[in-house]
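Position 1 is the first residue of the sequence, and the numbers go up from there. Quick caveat: nothing in here was measured; it's all calculated off a predicted structure.
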Amino acid sequence: MAAGALLGGVFGWVAPERAAQVGILGELWLLPLRMTVIPLIVFSVVHGVSSIGDSGRLGRLGSATAIYYLGTTACAIGLGVVAVTVIAPGEGVDLLGAATPDVATSAAGRTDWQDVLRNLLSPNLVASATAGDLVPLILFALAFGIALSMIGDRGRPVSELVEGVFAAILKMVHGIILLGPIGVFGLVAARLGAAGGSEGIVALLTGLGWFTLTVVGGLAIHGILTLGLVLTLVARRDPFAYARDLGTPLTTAFATASSSATLPLTLDAVEEAGVDANVSRFVLPLGATVNMDGSALYEAVAAVFIAQAVGVDLDAGAMVALFVTATLSTIGAAGIPEAGLVTMVVVLEAVGLPLEGLGLLLAIDWLIDRFRTAVNVWGDAVGAAAVGAVVGDAGER
């Protein structure tokens, strides 16, 4: 995976015209991987929840997962606000000539929290699956798994069927992984080629360099320091060894910029690293859609960056609104088309900032998106290890 990404980056940098032609390699690898996401999520959650059995352990698992998600997301947002306030990358940046993206204009004024809450449930699961709305599917799978565990022996044949289907899907994923280096090569080469090779990338980094450094630096601190401490103190694991075990999903997350598409690889790697399978199959599918530390940090930095660029001082009330909105938007994002951009609209409108700033950020968003997705996946994997350790200790006591 790493070799494929490196070779793809070099090829896209030195030969951008030809690099676009190899993008089909990445698409042909990514399509079957995404094909397994929805059945994998549904069957993994049902199997994980129904296998826990003990309602007390399930309650500890759910509460520990919720505390971890909210805690790390809050830390990420706070770190982002501090970093962008200290570095102040938006001062002196001109946003007057920036165009507002069409999707942001259409979403403005109508994407309220009632819409976000409605997207958590669905009257038609088939339609949700077709649209890629994963949160309603996860909630249904959670409820179905709990009900299956409550009916005792009558649910055992269904549980065995679910376990068999889940094992078969994982076997399919293992076959797809073998083609990963070729797919990652195509994805990275085509993306850098589309940016114009070395000249295009340098121009983008020059224009928004400090903003990029602020976001990437904040993500690095959160991923290494915050999540590293959680892994060391709570899960009692070596962060470097665990990161090495997660090398394949982290590389894939960077190449695909999709937590959901990376989920099959994350599940496989975390379980091979020794995390309880019942825990990982509960924590990771939820995390792929509702736990996005990297995205939350990015939204906080972007909002303050735009405020600095237009000369708006965010008071304490605006900062509280920013904190709450960025936290909740990462939970409701999965059910919204073009989720990252639309949730940024929600954040900006919550603190009264102009949408023109989004047009400026889109020029570099494709690159930053890869870093924040990798942190999202890393945060999910750390959460599985930490929650597994907490639930295991509680069970032993």
Set of residues satisfying side-chain contact (heavy atoms from CB on, under 4.5 Å) with respect to L79, sequence neighbours excluded: I221, H222, L297

By ring-ring contact (aromatic ring centres under 6.0 Å, His included) - contacts of Y242 (at least two apart): W378

Determine whether L229 and T232 satisfy the following criterion, side-chain contact (heavy atoms from CB on, under 4.5 Å), listing intermediate values before the conclusion. CA-CA 5 Å; L229 286 175; T232 302; 5.5 Å; no

ILVMFWY cluster membership beyond V126 - transitive side-chain contacts under 4.5 angstrom: none

Kindly write out the residues that satisfy side chain to side chain donor-acceptor pair (under 3.5 Å) with T262, not counting sequence neighbours, or none if the list is empty. none

Nearest 0.5 Å, please: how far is CD1 in I38 from CG in L263? 11.5 Å

If you define the side chain from C-beta out and look only at heavy atoms, does anything of V283 sit under 4.5 Å from D380? no

Partner set under side-chain contact (heavy atoms from CB on, under 4.5 Å) for A66, not counting sequence neighbours: none

Is there a side-chain contact between T252 and P249 (heavy atoms, below 4.5 Å)? no

Does a side-chain heavy-atom distance below 4.5 Å link L148 with S159? yes

Applying side chain to side chain donor-acceptor pair (under 3.5 Å) to D369 and not counting sequence neighbours gives R372, T373

Set of side chain to side chain donor-acceptor pair (under 3.5 Å) partners for S280, sequence neighbours left out: E271

V275 side chain near R237 side chain, heavy-atom distance below 4.5 Å: yes

Looking at side-chain heavy atoms only, is the closest gap between V230 and Y68 below 4.5 Å? yes

Contact check, side chains of R281 and F43, non-hydrogen atoms, under 4.5 Å: no

If a pair satisfies salt bridge (Lys or Arg N to Asp or Glu O under 4.0 Å) and one of its residues is in residues 156-174, list it, with sequence neighbours excluded. D153-R156

Partners passing side chain to side chain donor-acceptor pair (under 3.5 Å) against D313 (at least two apart in sequence or in another chain): none

N376 side chain vs G294 backbone, donor-acceptor pair below 3.5 Å: yes

Side chains of T73 and M292 in contact at under 4.5 Å (non-hydrogen atoms): no

Considering the options V382, L246, D276, L265, which one meets the side chain to side chain contact (heavy atoms under 4.5 Å, CB included) requirement together with V270? L246

Could you tell me whether the side chain of F211 reaches within less than 4.5 Å of the side chain of V215, counting heavy atoms only? yes

Suppose we screen for side-chain contact (heavy atoms from CB on, under 4.5 Å). Which residues come up paired with I24, at least two apart in sequence or across chains? E27, L28

With a 3.5 Å distance limit and no angle check, can you tell me whether W210 reaches the backbone of A88 through a side-chain donor-acceptor pair? no

CG-CG distance between L250 and D245, expressed to the nearest 0.5 angstrom: 10.5 Å

Donor-acceptor pair, E272 side chain versus L267 backbone, under 3.5 Å? no

Not counting sequence neighbours, which residues clear side-chain contact (heavy atoms from CB on, under 4.5 Å) with F254? List them please. R370, F371

Ignoring hydrogens and geometry, is there a side-chain-to-backbone donor-acceptor pair from D293 to A76 under 3.5 Å? no

